[in-house]
Visitor: 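Below is one structure. I have some questions about it.
Predicted model, so just to flag it, every value in this text is computed and none were measured.
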Amino acid sequence: MIYSVRGKLIYAQGETAVIECAGVGYECRTSFMTQQAIAGKEEVMLYTHLAVREDAVELFGFYTKEELESFRMLIGVSGVGPKAALSILSSCTPSQFALAVATGDSSAFTKVKGIGAKTAQRIVLELKDKVAKGNKISVRGEAAAVSPVMNDSLQEAITALVVLGYSESEASAAIAKLDTSLSTEELIKKALMSLAKFR
């Protein structure tokens with residue numbers, strides 16, 4: 001398994017990035033988010049996933065471990081292939097992806113080209129427990145890049161919890177268990193009570 005590639009960025013366009021390592025150019029399929037992150041850089045490192053099929057061997061590369069983890073979770077869902085997973089990760093950050101899953105917001109995925117309602121619901125159904133339980137996707141010091149489809153109260157509550165020192169995945173999971181019609185203050189208070197039990 002190829003864990004990562006580091007070297008000179010010799011090509012980056014669309015969903016492709018080529019990194020030269022020790023004279024060999026590794027072609028990686030990437031997301032729009034990764035393309036944005038590596039734009040203008042001379043040397044980069046991508047975390048990789050090698051997909052081996054009967055008709056092809058493809059290397060997928062991502063700028064962060066969180067994005068790679070999101071990709072692996074997505075392709076583990078029945079009916080979601082690498083192309084669909086890249087499309088989803090091109091339209092949202094790992095934290096936005098985790099938030100949509102944790103709160104059961106399948107509509108966030110139906111906005112992605114090629115993702116129908118049934119597939120979106122399957123993504124939420126199969127990944128909700130994984131995202132809520134294990135902190136599989138964390139946010140590196142971000143103040144909370146929350147999903148634009150969430151209402152203001154949820155966004156503010158999650159942001160407040162992150163500011164208080166919780167990771168976004170912890171905050172998202174705690175908020176996901178609450179009544180979304182509650183006010184921001186009530187959401188924060190109840191979420192803090194829930195989170196305190198595990199610390």
Visitor: Identify the two heavy atoms, one from A120 and one from S106, that lie closest to each other, and give their separation to 0.1 Å.
Guide: CB-O, 3.4 Å

Visitor: Out of curiosity, I115 CD1 to F109 CZ, how far, rounded to the nearest 0.5 Å?
Guide: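 Between atom CD1 of I115 and atom CZ of F109 there are 9.0 Å.
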
Visitor: Given side chain to side chain contact (heavy atoms under 4.5 Å, CB included), test I19 with V44 step by step and report yes or no.
Guide: CA-CA 8 Å; I19 301 173; V44 299; 3.5 Å; yes

Visitor: Nearest 0.5 Å please: distance from the CG atom of L187 over to the CG atom of L192.
Guide: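 If we round to the nearest 0.5 Å, L187:CG and L192:CG are 10.5 Å apart.
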
Visitor: Less than 4.5 Å apart, any side-chain heavy atom of Q121 and any of V124?
Guide: no

Visitor: Considering only residues two or more places apart or on different chains, which pairs with a residue in residues 31-49 satisfy salt bridge (Lys or Arg N to Asp or Glu O under 4.0 Å)?
Guide: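 Of all non-adjacent pairs touching residues 31-49, none passes salt bridge (Lys or Arg N to Asp or Glu O under 4.0 Å).
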
Visitor: Does the E186 side chain pair with the main chain of S183, one donor and one acceptor, at a distance under 3.5 Å?
Guide: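 Yes; at least one donor-acceptor contact below 3.5 Å.
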
Visitor: Tell me, with the steps shown, if Y47 and V5 meet side chain to side chain contact (heavy atoms under 4.5 Å, CB included).
Guide: CA-CA 7 Å; Y47 296 96; V5 291; over 6 Å; no

Visitor: If you round to the nearest 0.5 Å, how far is OG of S90 from CD of E67?
Guide: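 Rounded to the nearest 0.5 Å, the CD-OG separation comes to 7.5 Å.
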
Visitor: Got a sec, which pairs hit salt bridge (Lys or Arg N to Asp or Glu O under 4.0 Å) with one end in residues 8-27, sequence neighbours left out?
Guide: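 Listed by first then second residue: E15-R29.
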
Visitor: Hydrophobic side-chain clustering at under 4.5 Å (ILVMFWY, transitive links): who's grouped with L125? Put none if nobody.
Guide: none

Visitor: For F60 and C28, which heavy atoms make the closest approach, and how far apart are they?
Guide: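 That would be C-CB, 4.5 Å.
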
Visitor: For L161 and A171, which heavy atoms make the closest approach, and how far apart are they?
Guide: CB-CB, 3.7 Å

Visitor: Search all heavy atoms of L9 against all heavy atoms of A17 and return the closest pair with its distance.
Guide: CD1-CB, 4.3 Å

Visitor: Stepwise, does the side chain to side chain contact (heavy atoms under 4.5 Å, CB included) test hold for T64 with T34?
Guide: CA-CA 8 Å; T64 66; T34 288; over 6 Å; no

Visitor: Taking all non-hydrogen atoms of both residues, which atom of F97 and which atom of L74 are closest, and how far apart?
Guide: CE1-CD2, 3.6 Å

Visitor: Looking at I2, is its backbone amide N or carbonyl O close enough to the side chain of T48 to form a donor-acceptor pair, meaning the two atoms are under 3.5 Å apart?
Guide: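 It does hold such a pair.
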
Visitor: Quick one: OG on S91 to NZ on K113, what's the gap to the nearest 0.5 Å?
Guide: 13.0 Å

Visitor: What class does the angle between the rings of F71 and H49 fall in, given that below 30° is parallel, 30 to 60° is tilted and above 60° is perpendicular?
Guide: perpendicular

Visitor: Using the rule that two of Ile, Leu, Val, Met, Phe, Trp, Tyr join whenever any of their side-chain heavy atoms come within less than 4.5 Å, decide whether F62 and F32 are in one cluster.
Guide: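 Different clusters: F62 never reaches F32 through Ile, Leu, Val, Met, Phe, Trp or Tyr contacts under 4.5 Å.
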
Visitor: Between Q96 (side chain) and T93 (backbone), is there a donor-acceptor pair under 3.5 Å?
Guide: yes

Visitor: Could you go through residues 77-89 and list every donor-acceptor pair under 3.5 Å that involves a side-chain atom there, pairing it with any protein atom two or more places apart or in another chain?
Guide:
unit_1, atom_1, unit_2, atom_2, d
S87, OG, K83, O, 3.1

Visitor: With salt bridge (Lys or Arg N to Asp or Glu O under 4.0 Å) as the rule and sequence neighbours excluded, what pairs involving residues 70-82 come up?
Guide: none

Visitor: If you compare all heavy atoms of I175 against all heavy atoms of A191, which two are closest, and at what distance to 0.1 Å?
Guide: CD1-CB, 3.9 Å

Visitor: Apart from V18 itself, what residues make up its hydrophobic cluster when side-chain heavy atoms of I, L, V, M, F, W and Y under 4.5 Å apart count as a link, directly or indirectly?
Guide: I10, Y11

Visitor: Check whether any side-chain N or O of S70 sits under 3.5 Å from a backbone N or O of E66 as a donor-acceptor pair, and report yes or no.
Guide: yes

Visitor: Test of understanding: clusters of I, L, V, M, F, W, Y form through side-chain heavy atoms closer than 4.5 Å, transitively. Do M33 and L46 belong to the same one?
Guide: no

Visitor: In Å and rounded to the nearest 0.5 Å, what is the CD1 to CD1 distance from I188 to I158?
Guide: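 Rounded to the nearest 0.5 Å, the CD1-CD1 separation comes out at 10.5 Å.
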
Visitor: Find the distance between NZ (K190) and CG (D179) and round it off to the nearest 0.5 Å.
Guide: 9.0 Å

Visitor: Going by distance alone, is a donor N or O of one side chain under 3.5 Å from an acceptor N or O of the other, for Q35 and T30?
Guide: yes

